[in-house]
Amino acid sequence: MLPVSVWEKESFFEPRDFIIIGSGFTGLWSAYYLKKRYPEKSVLILERGIIPSGASSRNAGFACFGSFTELQADSDKLGESYMLELMEMRFKGLERINKKFSHLRIDYENLGGYELLSSEKFPDLNVLRTSLDSLNNKLQKITHKQKTFQLNDSKIKSFGLGGSHHLIENKLEAQVHSGKLLQALVQLVHSVGVTILTHVEVKKIEVETDRVRLETNLPITLRAEQVLICTNAFAKSFLPDLDIKPARGQILLTEPIEGLKIKGTFHYNEGFYYFRNLDKRVLLGGARNKFIREEETFSTETSEPIQQELEKFLKEIILPGIPYQINLRWSGTMAVGKEKKPIVQKINDRIFCAVRMSGMGVALAPQLGKQVAGMM
């Protein structure tokens, strides 16, 4: 890079009130709420890539707050109280997205969500109905619906699905175009006076007496009153004591399929498999649960074992007997830990973090961005 001019030093690289590291969903929502709280203060977002390089632009485009079996599993592992708290954060986050952006602008389509269940999971239909009623009663105060989840086995045939014995419908779930949502958020934060610098990789964060010093790949030092780390799976390079592991989520996308029957967002096996239509194409991701250790990686390459597993699922469950061709394969890096809980934390008076979204960033980021902005 060329030496910095005085004009650049006193504008783009001048000291800021707040610097946010990471321009994914969490960083952008946090910047928006910081400017709402402190309109007179300066906010700078630093992004090491051209666009966010974690999961925000590399996910499956689900606007969801948890499938039936996912919420059951969360209740078992985290306790019912926290399961409901987490689900409500996701639900309210999606409501916030709906209020802020038009559906047309971000390709938000409320086509409903579905979960496929095998007979092995629920061999007794009465037990399934009782479990659905129990969960629906607990969710009623959040969704204001008597039946958030309901059995709708009749749609299995109309969707042309194979290997499924039961289908649970959630009419509140939707699809979203993750790239267009990110673009809308970038335009939103620009409109309130936030600056975004790309291709800036932060190498070191050092707390000084009266501010924070950031060493980057640029030939200049950046400074701020406070710094917010929103790099999700990559946060451990700054905060090594955090319980965070990378989790690669792999996806494939077919070429257009004439007469494609599925419409909506679909879940299987506690959300470890997920698929949706993208116009006439099928977008399918997951299978990480079969290769947990192998997928704890920062690699953005796709792997043959996962891709083979996804294609097997595509052939047997989604498109039985229907020919297809694969158009794209990609992966995104999520952040997970021992618990399925986001970390929103004040590290000290000058450093804060909002990380470990556990694959729920689309829905959680609006709420957590507002929460962390309120702490600064």
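When a residue number appears, it is its place in the shown sequence, counting from 1. Keep in mind it's a predicted model, so treat the numbers as computed, not measured.
The closest side-chain heavy-atom distance from Met83 to Leu71 is below 4.5 Å. A 4.5 Å side-chain heavy-atom check between Tyr33 and Val372 finds every atom pair outside the cut-off. Side-chain atoms of Ser75 and Lys138, non-hydrogen and from C-beta on, never get closer than 4.5 Å to each other.
Applying the side chain to side chain contact (heavy atoms under 4.5 Å, CB included) test to Gln345 and every residue at least two apart in sequence or in another chain returns Leu242, Ile343, Ile347, Cys353. Not counting sequence neighbours, Arg96 has no partner by the salt bridge (charged side-chain N to carboxylate O under 4.0 Å, His left out) test. Residues forming a side chain to side chain contact (heavy atoms under 4.5 Å, CB included) with Thr221 (at least two apart in sequence, or on another chain): Arg213, Arg223. Looking at residues two or more places apart in sequence or on another chain, you find a side chain to side chain donor-acceptor pair (under 3.5 Å) between Thr69 and Glu115. Legend: residues meeting salt bridge (charged side-chain N to carboxylate O under 4.0 Å, His left out) with Asp210, ordered by chain and number and at least two apart, are absent. Applying the side chain to side chain donor-acceptor pair (under 3.5 Å) criterion to Asn110, with sequence neighbours excluded, gives no partner residue. Looking at residues two or more places apart in sequence or on another chain, you find a side chain to side chain contact (heavy atoms under 4.5 Å, CB included) between Ser303 and Arg248, Gln250, Glu295, Pro305, Ile306. Every side chain to side chain contact (heavy atoms under 4.5 Å, CB included) that Gln226 has, sequence neighbours left out, goes to Phe18, Phe352, Met376.
Of all non-hydrogen atoms in Lys203 and Thr216, the two that sit nearest each other are CG-C, 3.9 Å. Taking both residues in full, the closest heavy atoms of Asn348 and Lys346 are given as O-CG, 3.2 Å, listed atom of the first, atom of the second, then distance. Taking all atoms of both residues into account, the shortest heavy-atom contact from Val355 to Cys230 is CG1-CA, 4.3 Å.
Crowding of Glu208 atom CD: a count of heavy atoms from other residues, nucleotides or ligands under 6.0 Å exceeding 12. Counting heavy-atom neighbours within 6.0 Å of Lys370 NZ, excluding the residue itself, gives a total of 12 or less. Sparse packing is recorded around CD of Gln146, with 12 or fewer heavy atoms of other residues, nucleotides or ligands lying under 6.0 Å away. Heavy atoms of other residues, nucleotides or ligands lying less than 6.0 angstrom from CZ of Arg37 number more than 12. Atom NZ of Lys341 sits in a crowded spot, with more than 12 heavy atoms from other residues, nucleotides or ligands closer than 6.0 Å. Atom NZ of Lys236 is surrounded by more than 12 heavy atoms from other residues, nucleotides or ligands within 6.0 Å. At most 12 heavy atoms of other shown residues, nucleotides or ligands fall within 6.0 angstrom of atom CZ in Phe12. More than 12 heavy atoms of other residues, nucleotides or ligands lie within 6.0 Å of NZ in Lys155, so this atom counts as buried by the packing criterion.
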Open item on the list: Could you walk me through whether Leu34 and Asp17 satisfy the side-chain contact (heavy atoms from CB on, under 4.5 Å) test, starting with their C-alpha distance in whole Å, then the side-chain angles of each, then the deciding distance to 0.1 Å, before giving a yes or no?
Closed with: CA-CA 10 Å; Leu34 276 171; Asp17 295 303; over 6 Å; no
Task: CA sep, side-chain torsions, deciding dist, call: Ile19, Val202, side-chain contact (heavy atoms from CB on, under 4.5 Å) - done: CA-CA 11 Å; Ile19 288 181; Val202 178; over 6 Å; no
TODO: Dump the intermediate steps for side-chain contact (heavy atoms from CB on, under 4.5 Å) on Trp330 and Leu253, then the final yes or no.
DONE: CA-CA 9 Å; Trp330 72 89; Leu253 179 71; 3.9 Å; yes
TODO: Check the pair His165 / Asp153 against side chain to side chain donor-acceptor pair (under 3.5 Å), numbers first and verdict last.
DONE: CA-CA 7 Å; His165 294 271; Asp153 291 351; over 6 Å; no
TODO: Give the intermediate values and the outcome of side-chain contact (heavy atoms from CB on, under 4.5 Å) for residues His166 and Leu125.
DONE: CA-CA 9 Å; His166 297 300; Leu125 185 58; 3.5 Å; yes
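Here CD1 of Ile156 is found 7.0 Å from CG of Leu161. Values are rounded to the nearest 0.5 Å. Atom OG1 of residue Thr333 and atom CZ of residue Arg58 lie 8.0 Å apart, to the nearest 0.5 angstrom. Note that the CD atom of Gln187 and the CZ atom of Arg105 stand 5.0 Å from one another [nearest 0.5 Å]. Atoms CG and CZ, on Asp243 and Arg356 in that order, are 5.0 Å from each other to the nearest 0.5 Å. The line from CD of Glu311 to OH of Tyr324 is 3.5 Å long, rounded to the nearest 0.5 Å. Interatomic distance, CD1 of Ile142 versus CD of Glu88, reported as 4.5 Å (0.5 Å rounding).
Between the side chain of Glu70 and the backbone N or O of Gly271 there is no donor-acceptor pair closer than 3.5 Å. Panel note: side chain Ser331, backbone Thr300; a donor-acceptor pair is recorded below 3.5 Å. The backbone N or O of Val282 lies less than 3.5 Å from a partner atom in the side chain of Thr254, making a donor-acceptor pair. Side-chain N or O atoms of Asn232 include one that pairs as donor or acceptor with a backbone N or O of Met357 at under 3.5 Å. In this structure, Asn170 contributes its side chain and Leu172 its backbone to a donor-acceptor pair below 3.5 Å. Distance alone, capped at 3.5 Å, is enough to place a donor-acceptor pair between the Lys35 side chain and the Lys41 backbone. Between the side chain of Ser358 and the main chain of Met360, no donor-acceptor pair closer than 3.5 Å is present. In terms of modelled atom types and a separation under 3.5 Å, the side chain of Asp133 and the main chain of Thr130 share no donor-acceptor contact. The main-chain N or O of Glu14 is found under 3.5 Å from a side-chain atom of Arg16 such that the two form a donor-acceptor pair. Distance alone, capped at 3.5 Å, places no donor-acceptor pair between the Asn152 side chain and the Leu167 backbone.
Between Trp29 and Tyr32, the angle of the ring planes goes over 60°, which puts this pair in the perpendicular group of the 30/60° scheme.
Ring pair Phe313/Tyr273: centre-to-centre distance below 6.0 Å.
Hydrophobic clustering, defined by side-chain heavy atoms of Ile, Leu, Val, Met, Phe, Trp and Tyr closer than 4.5 Å, leaves Leu111 isolated from every other such residue. Other residues sharing the hydrophobic cluster of Ile50, ordered by chain and number and joined by side-chain separations under 4.5 Å: Ile51.
Results of the side chain to side chain donor-acceptor pair (under 3.5 Å) test with Gln175 over Thr265, Asp107, Asn277 single out Asn277 as the only residue that passes.
Under the 3.5 Å distance criterion, with hydrogens and angles disregarded, a donor-acceptor pair is assigned to the side chains of Glu120 and Ser118.
Residue pairs that meet the ring-ring contact (aromatic ring centres under 6.0 Å, His included) test with at least one member in residues 187-235, sequence neighbours left out, are Phe234-Phe298. Identified under the ring-ring contact (aromatic ring centres under 6.0 Å, His included) test for residues 145-164, with sequence neighbours left out: Tyr114-Phe159, Phe159-Phe266.
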